[in-house]
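First the structure, in the form of structure tokens, and then the observations on it.
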Protein chains: 2
Amino acid sequence: MEGNRRSARHSPGNVTIQDVAARAGVSTATVSRTLANPEVVSATTRERVLRAVEATGYTPNVAARNLRARRSMMILVIVPNVASPFIAEVLRGIDDELVLSGYDMIIGNLDNLVEREARYVKLVQSGQVDGVMITSGRIPGDGDRSMADLGVPMAAVCAAVPGLTAPHVTVDDRQASIDVATHFLEFGHRRFGYISGPAGNVNEIDRYDGFKEGLRQGGVGAKDLTYWPGHFNLRAGVDAAEDFLTLEAPPTAIYAACDEAAISFMKTVISAGRRVPEDVSVVGFDGIDVARFVRPTLTTVHQPRYELGRTGAQALLKAIAGLEVEEPVVRLAAPLIQGASSGPAPV
Amino acid sequence: MEGNRRSARHSPGNVTIQDVAARAGVSTATVSRTLANPEVVSATTRERVLRAVEATGYTPNVAARNLRARRSMMILVIVPNVASPFIAEVLRGIDDELVLSGYDMIIGNLDNLVEREARYVKLVQSGQVDGVMITSGRIPGDGDRSMADLGVPMAAVCAAVPGLTAPHVTVDDRQASIDVATHFLEFGHRRFGYISGPAGNVNEIDRYDGFKEGLRQGGVGAKDLTYWPGHFNLRAGVDAAEDFLTLEAPPTAIYAACDEAAISFMKTVISAGRRVPEDVSVVGFDGIDVARFVRPTLTTVHQPRYELGRTGAQALLKAIAGLEVEEPVVRLAAPLIQGASSGPAPV
DNA sequence: TAACATTATGTAATCGATTACATTTACACA
DNA sequence: TGTGTAAATGTAATCGATTACATAATGTTA
């Protein structure tokens, strides 16, 4: 004997299919069938079983069902940082899609720390999730194993993950960044600054490359581009601004790899007496909501965040269902939204 | 026969404790013991089992373990809206605490829709989570059942949930709002505006009540307080501002129930030619990161968001462990952070 | 009405790990 | 060498739902 079943645990565990079967005077198989395939049981039995279900308040135990069915109805969503306003809206899109198919979402928050990946590799390996959604731009791993080797269905959003042969839904960071460069060049700018995202991040690489490429097409070389290292956060803009303010002949056009950095850059240089966009133009990336409510309104590359999440989740669900994903790589449009933070170069 | 075990599913499910036992030439019980209580098996056997585990790459199936143990090591976190910058930081705190005890987090996103609660009542009832963290200010229910009747351990953060007898970790919204009123009164303001959160929300109620109370203490009555309905979002500030701009003798001090509304209010009235704080003072609530980077810097009630999450998670873990929670209600300090958006009343 | 096809239900194996209890083995001491 | 105790391992029940297969009940047709 291992202790009384009706003790300890909270109510959900209390009423089992056995209880319902006993009460209805049928076998557990019949109860199960009544709930899963009502049409195969006779009307009278069905009636009786449903009444017993009602009376007992029975809800199937999901651990048992999942053990049998070898699935969990859970999706692991790997995010670089839950606290980022960019990712939050992506999560909404993912969740809205998953709920339609009855899946729930486990958040794997890396907090920008690679060593946190190991925890989620283990989670996947122990069979706790049916699929993995990657928003972090890299395949999680733990020293030896990579999550890709575990054979679990995956999909990536927001960033093209190197080496991952799974559906991708992203924007074209590179092309969008070329557009930013063009935007600046059309306004006559000749000296540029770039506030970087985290080193090695695929989005960062594409954005920086694209920006350099766009400038190069306009005849601008490396010596007219100041690079400030940073991360996808507010701090990056402050750091860059502090350096910017010390320069003799500062850039007149600044491209930040994320809106937060652009916003904090603007704030810092304006507080120091510079004018945006008269003295310096600023463009961000992401199109977070608040970008429309800073002064001046931020010019930014608008990512369709909700759609990215939603479309990515659709792809993942297809992969889980074993369907061929007809479009393994989807690139959504990321238009440059003109705000008031960018304009003609000072004369 | 139900089909070959080695087929279909992805690798995690493939290698079971049986395989390890067979390879090591012992029983499954011994394998299990080696992993759970290494000291009870002999050194030689332990060695042999561990080698077999290594060779096969065995990871225990969590569904099976949970079924047996009657637990899931999952916590459901109910959030009103994943995309809110306020909640994101709370989630970080919760997650950081949970990870220490080996729990993972399922996000129950309500998207501010009451009807979405039913889904999570079901999730809890089916025994899929060991505890519930509520950040939405109300006990989720679905018509007849309330989640509180399910007997699952719960805790609430960010908002005191009416009718919930479970640990709470919040700030004192009411007192903080009295402080805001006092702040305005000391600056000589006599006409006030309040941008509301969602009707019925407990935080909203406390904030509005506190503000009115603070004003009353300063001899200000209802006729000098303009109320604008809204939600915890950017839209609310725009709507309020549009009405504000039509007023003959507009308030000179505006209190917004959330930072987003405060920020968008400022932006809108400044764009219309008003000056902040010379013409109108603005104070927000929450202390989201970006509040320090708008112009003027926002004066706001700073909630210790990360700490709220972290402390709340601690309380929940204690409740799950069956420990008495010595402090069922914890109120963290929420200081008013003076920014540049509030100042003396215009003369 | 006998023979057979349908339909409805029950029995028991199964998913994979854990653990109470039973059994075996090793070792100490008389 | 026999007995008793401790240590190590094995056997099988258990968690709760699902489902292949077996069996029983009902209906149909010649």
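- Each of Val157(A), Val79(A), Val161(A) was checked for a side-chain contact (heavy atoms from CB on, under 4.5 Å) with Ile134(A), and the lone residue meeting it is Val161(A).
- In this structure, Arg68(B) atom CZ and dA17(D) atom P are separated by 16 Å, rounded to whole Å.
- With the end axes of the helix from dT1(C)-dA30(D) to dA30(C)-dT1(D) each set by five pairs, the angle from one to the other reads 60° at 10° resolution.
- Gln128(A) and Ser72(A) form no side-chain donor-acceptor contact under 3.5 Å, judged by distance and modelled atom types alone.
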For nucleotides 4-10 of chain D, which of its nitrogen or oxygen atoms have a protein nitrogen or oxygen under 3.5 Å away, and what is each distance?
residue	atom	partner	partner atom	Å
dT9(D)	OP1	Ser42(B)	OG	3.0
dT9(D)	OP1	Thr45(B)	OG1	2.2
dT9(D)	OP2	Ser42(B)	N	3.0
dT9(D)	OP2	Ser42(B)	OG	3.4
dT9(D)	OP2	Thr45(B)	OG1	3.3
dG10(D)	OP2	Ser27(B)	N	2.9
dG10(D)	OP2	Ser27(B)	OG	3.1
dG10(D)	OP2	Thr30(B)	OG1	2.7
dG10(D)	N7	Arg33(B)	NH2	2.8
dG10(D)	O6	Arg33(B)	NH1	3.2

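- In this structure, the side chains of Gln314(B) and Lys318(B) stay at 4.5 Å or more apart for every pair of heavy atoms.
- The distance between atom CG of Leu67(A) and atom P of dG16(D), rounded to the nearest whole Å, is 12 Å.
- The distance between atom CG of Asp19(A) and atom C1' of dC15(D), rounded to the nearest whole Å, is 13 Å.
- Between the side chains of Thr56(B) and Asp19(B), not a single donor N or O lies within less than 3.5 Å of an accepting N or O.
- Panel note: side chain Asn66(A), backbone Ala63(B); no donor-acceptor pair is recorded below 3.5 Å.
- The distance between atom CD of Gln125(B) and atom P of dG16(D), rounded to the nearest whole Å, is 15 Å.
- Close to dG16(D), at under 4.0 Å from its OP1 or OP2, lies a side-chain N or O of Arg70(B).
- Thr311(A) contributes a side-chain N or O that, together with a main-chain N or O of Glu307(A), makes up a donor-acceptor pair within less than 3.5 Å.
- Among Val26(B), Val41(B), Val40(B), the one residue that satisfies the side-chain contact (heavy atoms from CB on, under 4.5 Å) test with Thr34(B) is Val41(B).
- Qualifying side-chain hydrogen bond (donor to acceptor under 3.5 Å, both in side chains) partners for Arg138(B), counting only residues two or more places apart in sequence or in other chains: Glu117(B).
- The nearest whole Å value for the distance from the CG atom in Asn66(B) to the P atom in dC15(C) is 19 Å.
- In this model, the phosphate group of dA17(D) is approached by a side-chain N or O of Tyr58(A) to a distance below 4.0 Å at OP1 or OP2.
- Contact detail for Asn109(A) and Tyr120(A): the closest heavy-atom pair is N-OH, 3.4 Å.
- For dT18(C), its base never sits under 3.5 Å from the side chain of Arg65(B) at any donor and acceptor pair.
- One can place CD1 of Ile17(A) at 6 Å from C1' of dA17(D), the figure rounded to the nearest angstrom.
- Following rounding to the nearest Å, Asn61(A) (CG) and dG16(D) (C1') show an atom-to-atom distance of 6 Å.
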